[in-house]
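Reading through the structure tokens given below for one structure.
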Amino acid sequence: MTEATRTLLEVTNLKKYFPIKKGLLSRTVGHVRAVDGVSFAVKQGEVLGLVGESGCGKTTTGRCVLRLIEPTEGSVKFDGQEIIGLPFSEMRRLRRQMQIIFQDPYSSLNPRLSVRRMLTEVLTVHGLANGAAARERVGDLLRLVGLSPSQADRYPHEFSGGQRQRLGIARALAVEPKLIIADEPVSALDVSIQAQIVNLLRDLQKEMSLTYLFIAHDLSVVEHISNRVAVMYLGKIVELAPSLDLYRSPRHPYTVSLLSAIPSHDVTHKKTRIVLKGDVPNPAKPPSGCRFHPRCFMAQPVCAVEEPPLREVAPGHCSACHFAEEVSSKTPAGV
Ligand code: SF4
């Protein structure tokens, strides 16, 4: 099997239920089903975008994959090895190969460490470089992310938001990981800076053949970086497809609604936006049948009763909708 076709990450039926405690005795009275049976695979060198509204479970999924949060159930295989249940010492060794870039770069950087110390510590703790070699590597890492080695003695607060995210990327790259989970890496940044960071991540991915699970709440952010995109709604994947197919011919009404919210660059074409009814339902009490049915513009009576499975509706294109084949004909004009 070539590097390009090798599965690096395989997630099967992943669940994370958070208990709801009440009363003096803190009795469990229910569960928030943040992630409720999610399965996907990411190949070596591939970028999988994971997209959905706040509270859909995408960030919890990313953290369960790294075991920053312990999953309730399911399997996570990294490079063929099951990591659920691995002892902490083994997990620490593996974490070098699985890095995360956080949404808020400032809170993830130690304000008391200069950039040089922060990166040198990472390199020495993992036994990758010491002394002069570490100094040289710090300079290389800063150049790699578009910063100057002359900035190495500054502290995180001396950098702008975009520069701090570059530092977060440099720190992740320092340990030469196989997989990077980018958890909403641009949502805390100004719109003008977002594209620069996404372009940097894309260029690094191509240059270094990195593998990303790229989490975002906006389909427009992952469009140009992802090979495939998975759309999550209320703890489940509702559509998973190669990027071009998903953007050109979505097969789930929720994806259609998310796409309609992306502003059009064509001034002659005014898009119709589908405004979703109400808020995301409570994940402790998800709606019966299809979880999207109270907000869906295509809902039929059967949708409130039967849960649609995620099924392949075109080669490599999966949708969890009873009427996936009719989505394009039922989509309102102008979307
Ligand atoms: Fe909408 Fe029904 Fe499809 Fe769910 S199964 S997305 S409610 S049409």
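In listed order, ligands and their atoms are each counted from 1. All figures in this text were calculated on a predicted structure; none of them were measured in a lab.
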Checklist entry - Taking the side chain from K58 and the backbone from V51, do they hold a donor-acceptor pair closer than 3.5 Å? => result no
Checklist outcome for this item: In short, L142 meets P149 closest at the heavy-atom pair CD1-CA, 4.0 Å
Checklist entry - Any donor-acceptor pair under 3.5 Å linking the side chain of S288 with the backbone of A304? => result yes
Next on the checklist: Within the supplied structure, the quantity of interest is the number of heavy atoms (other residues, nucleotides, ligands) at a distance under 6.0 Å from R311 CZ; does it exceed 12?
Outcome noted: yes
Checklist entry - Do the side chains of L86 and L68 join up, straight or via other hydrophobic residues, at under 4.5 Å, putting them in one cluster? => result yes
Next on the checklist: Would you say CD of E136 has more than 12 non-hydrogen atoms from neighbouring residues, nucleotides or ligands within 6.0 angstrom?
Outcome noted: no
Checklist outcome for this item: The atoms of ligand 1 lying under 4.0 Å from a heavy atom of P253, numbered in the order shown, are 1 (Fe), 6 (S)
Item to check | K16 to F18 six-membered ring, cation-pi geometry met (6.0 Å, 45°) | outcome: yes
Checklist entry - If you count the atoms of ligand 1 from 1 in the order shown, which ones are under 4.0 Å from a heavy atom of M298? => result 8 (S)
Item to check | Numbering as shown, the atoms of ligand 1 that approach H322 to under 4.0 Å (heavy-atom distance) | outcome: 3 (Fe), 5 (S)
Checklist entry - Nearest protein heavy atom to atom 1 (Fe) of ligand 1, by residue and atom, and its distance? => result C296 SG, 2.4 Å
Next on the checklist: Grouping I, L, V, M, F, W and Y whenever their side-chain heavy atoms are under 4.5 Å apart, do V231 and L50 come out in a common cluster?
Outcome noted: no
Checklist entry - Quick one: which ligand 1 atoms are inside 4.0 Å of a heavy atom on F323? => result 8 (S)
Next on the checklist: Taking 4.0 angstrom as the limit and counting only heavy atoms of C321, give me the atoms of ligand 1 inside it, by number and element.
Outcome noted: 3 (Fe), 5 (S), 6 (S), 8 (S)
Item to check | Which of the ligand 1 atoms, numbered from 1, are nearer than 4.0 Å to a heavy atom of H252 | outcome: 6 (S)
Next on the checklist: With heavy-atom distances below 4.0 Å as the criterion, list the atoms of ligand 1 near H293.
Outcome noted: 7 (S)
Next on the checklist: For a distance under 2.8 Å, tell me if C303 has an N/O/S atom near atom 1 (Fe) of ligand 1.
Outcome noted: no
Checklist entry - Between Q300 and ligand 1, which residue portion shows a heavy-atom distance shorter than 4.0 Å: side chain, backbone, both, or neither? => result neither
Checklist entry - Which residue holds the protein heavy atom closest to atom 4 (Fe) of ligand 1, what is that atom called, and what is the gap in Å? => result C290 SG, 2.3 Å
